[in-house]
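Worksheet: one structure, shown below.
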2 protein chains.
Amino acid sequence: MMEKNISRAVISRLPRYYRCLEKLMYDHVDRVSSTELAEMMKVTASQIRQDLNTFGGFGQQGYGYNVQNLFAELTKILGLDREHNMVVIGAGNLARAFTNYIGFKRIGFYIKGLFDNNPEVIGQTFHDLTVKPMEELADFIKEENIEIGILAVPWEYLNEAASDMISAGIKNIWNFAPGGLDIEVPDDVIIQNENLSDSLIQLSFIVTAAGQGR
Amino acid sequence: MMEKNISRAVISRLPRYYRCLEKLMYDHVDRVSSTELAEMMKVTASQIRQDLNTFGGFGQQGYGYNVQNLFAELTKILGLDREHNMVVIGAGNLARAFTNYIGFKRIGFYIKGLFDNNPEVIGQTFHDLTVKPMEELADFIKEENIEIGILAVPWEYLNEAASDMISAGIKNIWNFAPGGLDIEVPDDVIIQNENLSDSLIQLSFIVTAAGQGR
DNA sequence: TAGATTGTTAATCGATTAACAATC
DNA sequence: TAGATTGTTAATCGATTAACAATC
């Protein structure tokens with residue numbers, strides 16, 4: 001089923017649609033118009049209709065959108081109608097935070113394993129997971145049906161860890177390791193960078209600019 | 001000094017310029033042309049010249065850009081030529097990860113205090129910081145010259161913590177608390193949302209779409 | 001049916017890229 | 001000076017908004 005390419009701009013708005021619909025579901029709202037949705041999300045009604053129509057005609061003229069139906073469609077589109085298994089590479093503080101974080105579980109993402117190559121960390125227990133050595137990663141991925149690898153090592157190990165993950169068969173990397181330039185990955189590997197230092201630098205710019213009267 | 005408005009698109013690229021220049025500095029490169037920079041960053045030379053010129057004419061015809069000079073200018077523009085003090089509200093695992101994280105310190109951002117309103121957590125020590133009660137926040141902000149508050153509480157406390165922060169005088173909030181809809185803040189307060197669940201949902205969409213042959 | 005609201009086409013706006021004169 | 005490369009204007013591309021005919 002070949003579909004048209006979805007622009008980055010649209011993708012970046014999808015989680016907000018999802019959260020918005022989730023809230024409407026929670027509030028037992030049956031139907032919603034693009035105008036009402038637009039007000040909730042502080043965007044234009046036009047944009048909402050355009051965005052939704054890249055995926056299909058989920059609405060009905062004269063009625064609007066059925067909340068339950070639209071939520072179900074969005075859930076499917078986002079792949080949130082099934083579970084996703086993850087591992088964390090780099091068993092540090094961030095890994096600890098992630099294993100405890102219920103927000104991921106709530107949308108069906110489970111951390112199934114922690115991996116590290118530091119002998120001092122291997123064997124330690126985080127929440128209810130025992131840190132395993134990197135050598136066991138490849139088998140684990142197959143056995144536990146792992147879809148996503150969270151990369152959370154210090155920057156010195158970034159390239160090493162990334163290539164270990166890739167050769168172990170991980171196809172999707174969520175990268176929290178700060179790096180110099182972005183790391184390169186083969187074409188069939190998807191990498192999403194979550195550079196907290198970059199976000200902080202952006203915030204710094206905004207703060208600094210605001211302080212100078214803009 | 002009133003300047004023109006800088007677009008989101010430009011701001012989002014600034015950290016990468018910074019990191020790129022940092023690398024050139026590290027490699028002791030003296031000068032760089034927009035074409036060379038473009039190759040490093042995988043963008044067009046035109047974009048680099050446009051971007052940099054929103055801040056000033058840092059280059060020289062026939063020569064290019066002096067790396068040291070451009071780096072210094074960028075550092076100033078981003079506010080990275082001075083230190084920034086931060087506090088974390090919500091002393092959980094994420095707070096622990098942040099206090100240990102050297103990446104923030106490296107660019108001059110220091111976590112000076114941890115605050116929580118849970119009596120069981122108050123008094124605990126994270127790295128070298130003792131968790132303080134929220135009542136002490138307002139005074140602390142003034143005494144320690146705090147610029148940024150990192151919001152890292154569970155979602156149930158999001159609104160409460162945010163309004164506590166604002167009334168304590170925090171003007172810049174870096175929000176890691178996942179929420180339903182985005183929280184509203186007064187005009188003079190800057191909030192930057194770092195919604196990890198949203199990022200994960202985006203990744204989920206991309207992974208799911210890729211799995212369906214796109 | 002009449003009113004409402006979608007889906008979609010057309011218009012506008014903004015951001016990116018190309019081109020080139022200015023100038024080091 | 002001649003060659004190189006910027007700063008900047010103009011052209012293109014893509015994304016957002018407006019408008020409205022289709023239709024529930």
Side-chain angles (χ1 to χ4, degrees), chain A residues 3-17 20-21 24 29-74 77 202 205-206 209 214, chain B residues 3-17 20-21 24 29-74 77 202 205-206 209 214:
Chain A
E3 291 171 34
K4 65 181 101 55
N5 259 36
I6 312 291
S7 76
R8 263 282 149 196
V10 174
I11 295 175
S12 72
R13 282 190 293 269
L14 294 178
R16 299 192 62 226
Y17 284 115
C20 196
L21 266 292
L24 289 172
V29 177
D30 289 332
R31 46 172 280 197
V32 69
S33 71
S34 57
T35 313
E36 289 165 329
L37 262 179
E39 207 163 316
M40 280 181 81
M41 297 186 52
K42 291 184 189 118
V43 296
T44 62
S46 226
Q47 181 160 74
I48 286 177
R49 294 203 296 277
Q50 287 276 24
D51 281 356
L52 295 180
N53 269 76
T54 57
F55 298 103
F58 303 132
Q60 197 165 84
Q61 282 98 330
Y63 171 85
Y65 299 86
N66 176 282
V67 171
Q68 205 168 330
N69 174 251
L70 184 56
F71 182 67
E73 292 284 359
L74 259 177
I77 288 164
Q202 280 182 47
F205 170 77
I206 295 167
R214 206 169 330 130
Chain B
E3 291 171 36
K4 65 180 99 54
N5 259 37
I6 313 291
S7 76
R8 264 281 150 195
V10 174
I11 296 176
S12 73
R13 283 189 293 267
L14 293 178
R16 299 191 61 226
Y17 284 115
C20 195
L21 266 293
L24 289 171
V29 177
D30 290 331
R31 48 172 280 198
V32 69
S33 70
S34 57
T35 312
E36 289 165 329
L37 261 179
E39 208 163 318
M40 279 180 83
M41 298 185 52
K42 291 185 188 117
V43 295
T44 62
S46 226
Q47 180 160 75
I48 285 177
R49 294 203 297 277
Q50 287 276 23
D51 281 355
L52 294 180
N53 269 76
T54 57
F55 299 102
F58 303 131
Q60 198 166 85
Q61 282 99 329
Y63 172 84
Y65 299 87
N66 177 282
V67 170
Q68 205 168 329
N69 175 251
L70 185 56
F71 182 67
E73 293 286 357
L74 258 177
I77 288 164
Q202 279 182 47
F205 170 77
I206 296 167
R214 208 172 328 133

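Below, read A as the first sequence line, B as the second, and so on, with proteins coming before strands; counting in each chain starts at 1. Predicted, not measured: the structure shown is a model, and the values here were computed from it.
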Minimal non-hydrogen separation, B/A38 against B/T44, with atom names: CB-C, 3.7 Å

Nearest listed nucleotide, side chain of B/T44, among D/dT5, D/dA15, C/dT17: C/dT17

Atom-pair distance (CD1 on A/I11; P on D/dT16), nearest Å: 12 Å

Integer-rounded Å distance: D/dT8 C1' and B/D51 CG: 14 Å

A/R49 side chain near C/dG7 phosphate (N/O to OP1/OP2, under 4.0 Å): no

Beyond-backbone contact of A/Q202 with B/R8, side-chain heavy atoms, under 4.5 angstrom: yes

Contact check, side chains of B/D51 and B/V43, non-hydrogen atoms, under 4.5 Å: no

side-chain N/O A/R31 vs D/dC24 OP1/OP2, d < 4.0 Å: no

Spacing of B/N53 atom CG relative to D/dT6 atom P, expressed in whole Å: 10 Å

More than 12 heavy atoms from other groups under 6.0 Å of CD on B/Q68: no

Under the 3.5 Å Watson-Crick or G-U criterion, the dot-bracket string of DNA chain C, with | for inter-strand pairs: ..||||||||||||||||||||||

A/V10 vs B/F58, nearer the 5' end of DNA chain D by closest nucleotide: B/F58

Touch class at under 4.0 angstrom, heavy-atom based, for B/S7 against every strand present: sugar-phosphate

Sugar-phosphate, base or nothing in reach of A/S34, heavy atoms under 4.0 Å: sugar-phosphate

Touch class at under 4.0 angstrom, heavy-atom based, for B/R8 against every strand present: nothing

B/L52 CG - C/dT16 P separation (whole Å): 14 Å

Touch class at under 4.0 angstrom, heavy-atom based, for A/S33 against every strand present: sugar-phosphate

Rounded distance in Å - OH (B/Y63) to P (D/dG7): 13 Å

Note, A/L74 side chain near A/F55 side chain (heavy atom, < 4.5 Å): no

Heavy-atom pair with the smallest gap, counting every atom of A/S12 and A/A9: OG-O, 2.8 Å

Rounded interatomic separation in angstrom, taking CD1 from A/I48 and P from C/dT5: 14 Å

Any side-chain heavy-atom pair of A/L37 and A/L21 under 4.5 Å: yes

Euclidean distance, atom CD of residue B/Q61 to atom P of D/dT5 [Å, nearest integer]: 12 Å

Residue A/S46, side-chain atoms from C-beta onward, closest of D/dA19, D/dG7, D/dA22: D/dA19

Selected nucleotide, minimal atom distance to B/Q50 side chain, candidates C/dT9, D/dA19, C/dA18: C/dA18

B/F71 side chain reached by B/L24 side chain, heavy atoms, under 4.5 Å: no

Presence of A/Y65 side-chain N/O under 4.0 Å of C/dA4 phosphate oxygens OP1/OP2: no

Side chain of B/A9 - closest among C/dC20, C/dA18, C/dT16: C/dT16

Separation of atom CD in B/Q47 from atom C1' in C/dA19, rounded to whole Å: 17 Å

